[in-house]
Amino acid sequence: MGYELVKVGDPADWADFHAIRRVELFEARGRFGIYNDNHPDDYADFAHPFLLKRDGEALGTVRLDLFGSGRAVVRLVAITAAEQKRGHGRVMESLVTEEARALGVHTLLVNAVDNALGFYEKTGWEPFEWDPSELENSPLSCIQMRKLL
């Protein structure tokens, strides 16, 4: 069966999607009780939420937000702690890049947390300030980056 990047739609996939993000992006960073399973951005027309699965098991999440004019933002990237450092992030990055191309995207953007900079640089991203206002109220230290497709 192998890897697949699943567009989140059915209830079981939504549950996995939110559980991974809640644990890895919020609770693992000491941010308890603030994750919102019903955040409107996850369900907006511009949002394309995905779940990385391998052999049917949910391993990671990513959301691709279309900005128009061939640009999209990669958001809320997470791999479960038990599966980190095993190459799944590279697979997910490659698959989301394919999805972006299929949607007519030529420039991907991301707000990369400091400890992910090496990963992004190794997969073809470069520092690029694209919207400083995105970082104004962020509880994390991030660097804005882009990848030209």
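Nothing here was measured: the structure is a model prediction, and the numbers come from that model. Residue numbers count from 1 along this sequence.
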- Message: Could you tell me if the side chain of F119 sits less than 4.5 Å from the side chain of L117, heavy atoms only?
- Response: no
- Message: What I'd like to find out is whether the side chain of Y3 reaches to under 4.5 Å of the side chain of R54, using heavy atoms alone.
- Response: yes
- To the nearest 0.5 Å, how far apart are CZ in F46 and CZ in F67? 8.0 Å
- Item | Neighbour count >12 (heavy atoms, 6.0 Å) for atom CD, E129 | no
- Item | Donor-acceptor contact below 3.5 Å, side chain D55 vs main chain G2 | yes
- Task: Could you grab the distance from atom CE of M92 to atom CG of L51, nearest 0.5 Å is fine?
- Result: 9.0 Å
- Note on the structure: The reported gap from NE2 in H48 to CG in L66 (rounded to nearest 0.5 angstrom) is 4.0 Å
- Message: Looking at R90, is its backbone amide N or carbonyl O close enough to the side chain of S94 to form a donor-acceptor pair, meaning the two atoms are under 3.5 Å apart?
- Response: no
- Between V73 and V96, is there a shared hydrophobic cluster once you connect ILVMFWY residues whose side-chain heavy atoms come closer than 4.5 Å? no
- Roughly how far apart are Y120 OH and T123 OG1, rounded to 0.5 Å? 7.5 Å
- Check whether V91 and V6 end up in the same hydrophobic cluster, where Ile, Leu, Val, Met, Phe, Trp and Tyr are linked by side-chain heavy atoms less than 4.5 Å apart. no
- Test side-chain contact (heavy atoms from CB on, under 4.5 Å) on D41 and H39 and set out the steps. CA-CA 6 Å; D41 286 355; H39 195 286; 3.4 Å; yes
- Can you find a pair of side-chain heavy atoms, one from D114 and one from I143, that are under 4.5 Å apart? yes
- Parallel, tilted or perpendicular: which describes the rings of Y43 and W14, with under 30° parallel and over 60° perpendicular? tilted
- Task: List the steps, then state whether side-chain contact (heavy atoms from CB on, under 4.5 Å) holds for R71 with V105.
- Result: CA-CA 5 Å; R71 298 178 315 136; V105 172; 5.9 Å; no
- Task: Answer whether the closest heavy-atom distance between the side chains of I34 and R31 falls below 4.5 Å.
- Result: yes
- Query: Should L95 and V74 be counted in the same cluster of Ile, Leu, Val, Met, Phe, Trp and Tyr side chains packed under 4.5 Å apart?
  - Reply: yes
- Query: Within the distance-only criterion (no hydrogens, no angle test), does the side chain of W130 pair as donor or acceptor with the backbone N or O of V110 below 3.5 angstrom?
  - Reply: yes
- Message: So that I can tick it off, tell me whether R75 and E134 are bridged by a salt bridge, with the cut-off set at under 4.0 angstrom between side-chain N and carboxylate O.
- Response: yes
- Message: Please determine whether salt bridge (Lys or Arg N to Asp or Glu O under 4.0 Å) holds for the pair R86 and E83, giving the CA-CA distance in whole Å, both sets of side-chain angles, and the decisive distance to 0.1 Å.
- Response: CA-CA 6 Å; R86 295 182 180 190; E83 295 294 333; 3.5 Å; yes
- Item | From CA spacing to verdict: salt bridge (Lys or Arg N to Asp or Glu O under 4.0 Å), E93, K147 | CA-CA 11 Å; E93 196 275 344; K147 181 176 184 177; 2.8 Å; yes
- Message: Go through it in stages, so that I can follow the logic: the residues are V8 and R63, the test is side-chain contact (heavy atoms from CB on, under 4.5 Å), and I'd like the CA-CA distance, side-chain angles, deciding distance and then a yes or no.
- Response: CA-CA 10 Å; V8 178; R63 194 179 79 213; over 6 Å; no
- Task: Identify whether L103 and L149 are in the same connected component of the hydrophobic contact network (ILVMFWY, side-chain heavy atoms under 4.5 Å).
- Result: yes
- Item | Electrostatic pair E126:R146 at N-O distance under 4.0 angstrom | yes
- Message: The test is side-chain contact (heavy atoms from CB on, under 4.5 Å); show your working for L108 and L64 and say whether it passes.
- Response: CA-CA 9 Å; L108 286 174; L64 186 64; 3.7 Å; yes
- CD of Q144 to CG of N111: how many Å apart, nearest 0.5 Å? 5.0 Å
- Message: What I'd like to find out is whether the side chain of V62 reaches to under 4.5 Å of the side chain of L52, using heavy atoms alone.
- Response: no
- Message: Looking at every non-hydrogen atom in both residues, tell me the closest pair between I20 and G60 and how far apart they are.
- Response: CD1-N, 3.9 Å
- Task: Run the salt-bridge test on D42 and R21 with the 4.0 Å N-O cut-off and return the result as yes or no.
- Result: yes
- Item | Any side-chain heavy-atom pair of E24 and I79 under 4.5 Å | no
- Can you tell which of H18, K7, K53 makes a side chain to side chain donor-acceptor pair (under 3.5 Å) with D13? K53
- With rounding to the nearest 0.5 Å, note down the distance linking CH2 in W125 to CE in M145. 8.0 Å
- Do L25 and V77 have side-chain heavy atoms sitting under 4.5 Å apart? no
